[in-house]
2 protein chains.
Amino acid sequence: MIVLGIDPGTAATGYGVVCEEREPRGSLSLIECGVIRTAPRDPLSVRLRGLYEEVCALIERHHPEVLSIEDVFYAKNVRTTVVLGHARGVMLLAAEQRAVAIYEYPPAEIKKTVVGAGAATKEQVQFMVARLLRLKTAPQPSDAADGVAAALAHLLTARVPRFERTR
Amino acid sequence: MIVLGIDPGTAATGYGVVCEEREPRGSLSLIECGVIRTAPRDPLSVRLRGLYEEVCALIERHHPEVLSIEDVFYAKNVRTTVVLGHARGVMLLAAEQRAVAIYEYPPAEIKKTVVGAGAATKEQVQFMVARLLRLKTAPQPSDAADGVAAALAHLLTARVPRFERTR
C-alpha cells in the first residue's frame with residue numbers, strides 16, 4: 001500500500017510518499033518527500049499548472065493507491081484561503097483523473113493521529129515523522145514533514161478497527 | 001476575436017462564447033452559451049473533473065483567444081467560497097494548458113460594463129446581453145447570461161482606449 005500525502009500551501013506544498021509493507025504487518029517506510037514551490041510573482045494560472053504537473057509526475061512515478069490531503073485550513077486571510085482552494089482543486093483533479101482514491105483530513109486530526117495532540121508544533125510533527133519511519137534526521141523543511149504526516153495519518157487511521165473509531 | 005466568458009458557480013457554471021468581427025468594426029455575435037452542471041451529491045473531485053472536461057471541450061470546440069472569468073465572489077458562507085476556489089482552479093488550469101489568455105473581472109465590474117450599473121439585477125443583465133447581441137430572447141437560465149456577460153465585458157472593456165480608463 002503506497003500513500004501520497006500532501007499538505008497544500010500557497011507558496012510551498014509539502015508532500016511525502018509512504019509505503020506500508022504487507023509483511024511484516026505494518027512496516028512503514030518513506031519512499032520520497034519534498035516541497036513543490038511556485039513563484040509568487042507568476043500569475044495564479046501559471047502556478048496552478050506547475051502544481052498540477054508536479055502532482056501528476058509524483059503519481060506517475062509512485063502509483064499511490066491513496067492521496068491523503070489536508071483539508072482546507074481556514075486562514076484568517078480570506079484571499080489566502082481562496083488561493084489554497086484553487087491549488088487543492090488542481091491536486092484533486094490530478095488524483096481523480098488517475099483513479100487515486102482521495103481522503104481528506106483536517107490539520108488537527110493529522111497531528112492528533114501522528115503526534116497525539118491536535119495542536120502539536122511543527123518540530124513535534126518532524127520528530128514523530130522521523131521516529132515512525134526510523135529516519136536518522138527529520139524531513140526538512142517542515143512542509144515536507146507535514147506532507148509525510150498526512151500520508152502517515154491515513155495509514156495509522158486505517159489500522160484502527162472501525163468499531164474503535166470515535167469519529 | 002473569440003472570447004469565452006465564464007461565471008463559475010458551485011452548482012451551475014454559466015458560459016458564453018462571443019465573437020467580435022473585425023469588419024464591420026465591433027460587430028458582436030453569440031456563438032454558444034449554456035450552463036455546466038455537476039451533481040451536488042458527487043464527491044468534489046468528481047465534480048471538478050467534470051467541470052475541467054467541459055471547459056476543455058469548449059476551448060477545443062471554439063479556440064477562444066481569451067478566457068474572461070468572474071473573479072471570486074466572497075460569499076458569506078466561507079465553505080461556498082472555498083469550493084468556488086477549487087472550481088476556478090481547474091478552469092484556470094484548462095485555459096493555461098491551452099495557451100488561452102486569462103482575464104479576471106469582479107462581478108460588479110462586469111455588470112457595470114454591460115448594464116451600466118454594478119448592482120444590476122439578473123433580469124437587467126439578461127436584457128442587455130440580448131440587446132447587445134441582437135437576440136430575440138434573453139439567454140436562459142440567468143447563469144448562461146452571466147457567462148455571456150463576462151465575455152462581453154472583456155470585449156467592451158478592450159474597446160475603451162487606455163487613457164480613458166478609470167481603473
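Throughout, protein chains are lettered first and strands after them, A, B, ... in sequence-line order, and every chain is numbered starting at 1.
Neither the backbone nor the side chain of B/V83 comes within less than 4.5 Å of any heavy atom of chain A. Interface remark: B/L48 contributes backbone and side-chain atoms alike to the contact with chain A (heavy atom separation under 4.5 Å).
Placement of A/V90 and A/V100 within a single hydrophobic cluster is found when ILVMFWY residues are connected by side-chain heavy-atom separations under 4.5 Å, directly or transitively. A/L84 and A/I6 fall into different hydrophobic clusters, where Ile, Leu, Val, Met, Phe, Trp and Tyr are joined by side-chain heavy atoms under 4.5 Å apart, directly or via other members. One hydrophobic cluster holds both A/Y105 and A/V115 under the rule that ILVMFWY side chains link at heavy-atom gaps under 4.5 Å. The hydrophobic cluster containing A/L132 also contains A/M1, counting ILVMFWY residues as joined when their side-chain heavy atoms lie under 4.5 angstrom apart, directly or transitively.
Few gaps surround CZ on B/R98; more than 12 heavy atoms of other groups in view lie less than 6.0 Å from it. Surrounding CZ of B/R41 are at most 12 heavy atoms belonging to other residues, nucleotides or ligands under 6.0 Å away.
Note that OG of A/S45 is 10.5 Å distant from CD of B/Q97, once rounded to the nearest 0.5 Å.
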### Task
Would you sort out whether B/V78 and A/V78 count as a side-chain contact (heavy atoms from CB on, under 4.5 Å), showing the intermediate values?
CA-CA 8 Å; B/V78 181; A/V78 181; 5.7 Å; no

### Task
Apply side-chain contact (heavy atoms from CB on, under 4.5 Å) to the pair A/T81 and B/T81, showing each step before the final yes or no.
CA-CA 9 Å; A/T81 310; B/T81 309; over 6 Å; no

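Screening B/E53, B/H86, B/R49 for a side-chain contact (heavy atoms from CB on, under 4.5 Å) involving A/L93 leaves a single residue, B/R49.
Closest approach of A/L92 and B/L44 over heavy atoms only: CD1-CD2, 4.1 Å.
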